[in-house]
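All values reported here derive from a predicted model rather than from experimental measurement.
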Amino acid sequence: MPNSIPVLLATVTLFFAAGNPQSTSSACGKPCASVNDCPAMMICDPYGQCNSDPSNTHISVCPVAPGCNPAQSFVYTAPTIDEDHCATNTTYYLYDCSPPVSRRRPNPAILYYIELDNGSRCEEKKYQPSDLVASMATGWYNYQRPRGACGRNVTITALNGRTVTAMVVDECSGMDGCTAATSFYPPCSPKSLGATQGVWEALGHKISEGIIDITW
């Protein structure tokens, strides 16, 4: 998610969420061959099951994982910059958890584009667009303590079969979004990674695509 965008005065209203804020769809986990087999606002995930679209952090249809529910929700009331940024009068959910990490099979996620020219949570070093580095969703980032996932190498695979190994140097925060600190982008999905242009190109994708499905 790029940093170079106008700064606006954002207004948000916070709510504490008790459990999942929306009813679970009966289609969650339904076998599918394509997105056409799933209801609106759902995807056919890499395991062939209907699931929530993780790119929509303002929609919570299926549980992220057992015990992983939104920590808070808020309504963003500032003007919308464009379709990639927070939308006015929209409710967003904040997550401090992610699905359990599987070591037996790939972990499905979405991939954002990020710029780290102002340093990262792991270190103050500035990274170039060509550097193969990544960020991880809050729950995954905090999976390894005390330094989180800093310095961990992850192998990222796109749906086209291409893979690349990147080093984790930052957190893709699921507990902050729609503020000046996040350049008015929505909170990161609890099932997401972020990566530089070099990673995207190694996967055979263009950053103009915005968000792509991956496994890691």
Side-chain angles (χ1 to χ4, degrees), residues 1-5 10 12 14-15 17 20-21 41 43 45 51-65 68-76 80-87 90-101 107-122 127 133-144 148-150 152 154 156 158 166-197 199-200 203 205 207 209-216:
M1 291 180 281
N3 297 318
S4 55
I5 45 183
V12 299
L14 286 174
F15 300 94
N20 200 324
M41 299 186 296
I43 63 166
D45 71 20
N51 212 331
S52 297
D53 183 350
S55 66
N56 291 325
T57 52
H58 61 284
I59 299 174
S60 181
V61 178
C62 301
V64 173
C68 182
N69 297 310
Q72 296 177 10
S73 64
F74 67 89
V75 178
Y76 178 74
T80 302
I81 299 175
D82 58 38
E83 63 181 11
D84 293 327
H85 295 80
C86 293
T90 299
T91 299
Y92 291 89
Y93 300 104
L94 301 177
Y95 287 87
D96 58 5
C97 56
S98 293
V101 175
N107 297 279
I110 57 171
L111 186 70
Y112 298 114
Y113 163 61
I114 59 171
E115 293 178 349
L116 294 169
D117 51 1
N118 291 320
S120 69
R121 179 169 177 179
C122 295
Y127 293 94
V133 293
S135 62
M136 297 191 87
T138 296
W140 286 335
Y141 177 86
N142 291 325
Y143 178 69
Q144 295 180 328
C150 289
R152 175 181 178 179
V154 294
I156 302 170
M167 183 173 67
V168 177
V169 298
D170 203 9
E171 174 188 355
C172 193
S173 179
M175 290 297 292
D176 190 14
C178 304
T179 66
T182 64
S183 299
F184 299 97
Y185 281 98
C188 287
S189 163
K191 298 192 290 185
S192 66
L193 302 183
T196 53
Q197 182 175 348
V199 172
W200 277 72
L203 294 173
H205 285 274
I207 59 175
E209 296 174 60
I211 298 173
I212 60 171
D213 290 310
I214 60 162
T215 60
W216 65 275

Taking every non-hydrogen atom, the tightest pair across [X] and [Y]:
X: Ile214; Y: Ala158; value: CG2-CA, 4.3 Å
X: Lys191; Y: Pro108; value: CB-O, 4.2 Å
X: Phe184; Y: Cys178; value: CD2-O, 3.6 Å
X: Ser73; Y: Tyr93; value: CB-CD2, 3.5 Å
X: Asp84; Y: Tyr185; value: O-CD2, 3.5 Å
X: Cys122; Y: Val168; value: SG-O, 4.2 Å

Query - Among Ser98, Cys97, Pro190, side-chain contact (heavy atoms from CB on, under 4.5 Å) partner for Trp140 - result: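 Testing Trp140 for a side-chain contact (heavy atoms from CB on, under 4.5 Å) against Ser98, Cys97, Pro190 leaves exactly one candidate, Ser98.
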Requested in this report: Apply the test side chain to side chain contact (heavy atoms under 4.5 Å, CB included) to residues Leu111 and Leu203: give CA-CA distance (whole Å), side-chain angles for both, the deciding distance (0.1 Å), then the verdict.
Outcome: CA-CA 11 Å; Leu111 186 70; Leu203 294 173; 3.8 Å; yes
Apply side-chain contact (heavy atoms from CB on, under 4.5 Å) to [X] and list each qualifying residue two or more places apart in sequence or on a separate chain.
X: Ser192; value: Ile110, Tyr112, Ala137, Cys172, Cys188, Ser189
X: Glu209; value: Trp200, His205, Lys206, Ile212
X: Asp176; value: Ser173, Thr179, Ala181, Thr182

Is the closest side-chain heavy-atom distance between [X] and [Y] below 4.5 Å?
X: Asp170; Y: Ile114; value: no
X: Tyr95; Y: Pro187; value: no
X: Val101; Y: Trp216; value: yes

Report task. Return the set of residues passing side chain to side chain donor-acceptor pair (under 3.5 Å) with Ser135 (not counting sequence neighbours), or none when no residue passes. Result ->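 Counting only residues at least two positions away or on another chain, Ser135 forms no side chain to side chain donor-acceptor pair (under 3.5 Å).
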